[in-house]
Trainee: 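My questions all concern the structure below.
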Amino acid sequence: MKLYFEGTSHGVPEKDRFCTCTVVEAGGKYYAIDAGGPLVDFLIRRGIHPDGLAAIFITHVHSDHVAGLAGTTDLFTWYFKNTDPHIFTPEQRLLDGLYAWNSMLYGERARHFRSTVFEEGEIFNDGTLRVRAIRTQHTPHSFSFLLEAEGKRVLFTGDLKRPEVDFPTVCFEEECDAIVGECAHFPATAYAPIFEKCKCKNFYLHHIYPRQQASIDELLAMEKPYTVTPLTDGYALEI
Ligand SMILES: [Zn+2]
């Protein structure tokens with residue numbers, strides 16, 4: 001499984017970071033986790049034809065995680081007409097908003113995309129990728145995702161309230177090959193006692209807010225039985 005971290009910023013873009021978007025490659029297919037940045041642009045820059053995009057999974061309906069879907073669904077309506085990703089969202093209003101946007105542009109030719117409004121539990125399994133959604137407390141409808149493909153397992157925390165409150169405890173009991181933790185809403189050092197309890201020893205910091213930089217540096221400097229890697233835009237991880 002390969003992960004391309006195309007957008008690693010917090011709620012606002014930075015000069016070297018787009019808002020949140022990650023492309024997952026597994027079994028010759030592509031999937032996206034969130035689309036806060038321009039998803040089609042990211043695919044094309046990687047040399048990935050958008051037709052290869054099987055599904056888009058949204059952790060929660062905040063602009064920095066979904067704003068890129070406006071341009072993405074626009075291009076899938078008038079240009080990449082054969083691209084047919086299945087959109088998974090925790091809230092119907094995202095689909096309503098996208099349809100309103102596309103109706104404004106294309107009237108009756110606006111596309112209805114394949115979509116699922118999901119709750120907690122296994123939300124997807126196409127034989128290549130399995131996705132479990134785990135509720136968090138960032139909003140009333142926010143989720144972490146546990147991805148499994150090619151015998152590997154990765155947890156995306158999505159946005160959290162605080163690690164000690166809503167970090168997915170499944171990671172304390174089950175093996176993971178990588179954990180991608182958001183780093184916008186609390187000091188990175190808040191992860192230290194949580195990471196200690198996880199079976200996984202490979203942590204990546206995502207959704208990075210510059211004001212957390214001192215705490216990131218502090219976490220990196222700690223003596224610890226696991227590795228921590230702050231992500232940057234374009235970082236490719238093969239596991
Ligand atoms: Zn966010």
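Everything quoted here is computed from the prediction, not taken from an experiment. These values consider heavy atoms only, across backbone and side chains, with no hydrogens, waters or symmetry-generated copies.
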Trainee: Does any N or O in the side chain of Glu182 come within less than 3.5 Å of the main-chain N or O of His207, such that one atom is a donor and the other an acceptor?
Mentor: no
Trainee: Examine His138 together with His60 and report whether their ring centres are nearer than 6.0 Å.
Mentor: yes
Trainee: Give a yes or no on this: more than 12 heavy atoms of other residues, nucleotides or ligands lie within 6.0 Å of atom NZ of Lys29.
Mentor: yes
Trainee: So, do Phe80 and His49 have ring centers that fall under 6.0 Å from each other?
Mentor: yes
Trainee: List for me each residue that meets salt bridge (Lys or Arg N to Asp or Glu O under 4.0 Å) alongside Arg135, sequence neighbours excluded, and say none if there are none.
Mentor: Glu119
Trainee: Determine, for Lys152 against Glu150, whether the closest basic-nitrogen to carboxylate-oxygen distance falls under 4.0 angstrom.
Mentor: no
Trainee: Have a look at Phe156 and tell me which of Ile134, Leu147, Leu146, Val131 forms a side chain to side chain contact (heavy atoms under 4.5 Å, CB included) with it.
Mentor: Leu147
Trainee: Have a look at Glu6 and tell me which of Arg45, Arg46, Arg17 forms a side chain to side chain donor-acceptor pair (under 3.5 Å) with it.
Mentor: Arg46
Trainee: Apply ring-ring contact (aromatic ring centres under 6.0 Å, His included) to His206 and list each qualifying residue two or more places apart in sequence or on a separate chain.
Mentor: Phe5
Trainee: Between Asp74 and Tyr106, is any side-chain donor less than 3.5 angstrom from a side-chain acceptor?
Mentor: yes
Trainee: I'd like to know if Glu174 pairs up with Arg132 as an ion pair, taking the criterion as any Lys NZ or Arg NE/NH1/NH2 lying under 4.0 Å from an Asp or Glu carboxylate oxygen.
Mentor: yes
Trainee: So if I apply the side chain to side chain donor-acceptor pair (under 3.5 Å) rule between Thr59 and each of Asp159, Asp34, Thr136, which one comes out positive?
Mentor: Asp34
Trainee: Between Tyr31 and Asp126, do the side chains contain an N or O donor and an N or O acceptor separated by less than 3.5 Å?
Mentor: yes
Trainee: Look at the aromatic rings of Tyr191 and Phe195 and report parallel, tilted or perpendicular, splitting at 30° and 60°.
Mentor: parallel
Trainee: Can you see whether Asp64 engages Thr20 through a side-chain donor-acceptor pair at a distance of less than 3.5 angstrom?
Mentor: no
Trainee: Show the atom names and distances, to 0.1 Å, of all donor-acceptor pairs under 3.5 Å that link a side chain in residues 111-118 to residues at least two apart or in another chain.
Mentor:
from	atom 1	to	atom 2	distance (Å)
Arg111	NH1	Phe76	O	2.6
Arg111	NH1	Lys81	O	3.4
Arg111	NH1	Thr83	O	3.0
Arg111	NH2	Thr83	O	2.8
Arg111	NH2	Asp84	OD1	3.4
His112	NE2	Tyr99	OH	3.4
Arg114	NE	Asp84	O	3.4
Arg114	NE	Asp84	OD2	3.1
Arg114	NH2	Asp84	O	2.3
Thr116	OG1	His86	NE2	2.7

Trainee: Only one of Ile179, Leu3, Val24, Ile33 forms a side chain to side chain contact (heavy atoms under 4.5 Å, CB included) with Val154, so which one is it?
Mentor: Leu3
Trainee: Working note: Phe57 + Phe88, criterion ring-ring contact (aromatic ring centres under 6.0 Å, His included); need CA distance, chi angles, decisive distance, verdict.
Mentor: CA-CA 5 Å; Phe57 302 96; Phe88 289 81; 5.0 Å; yes
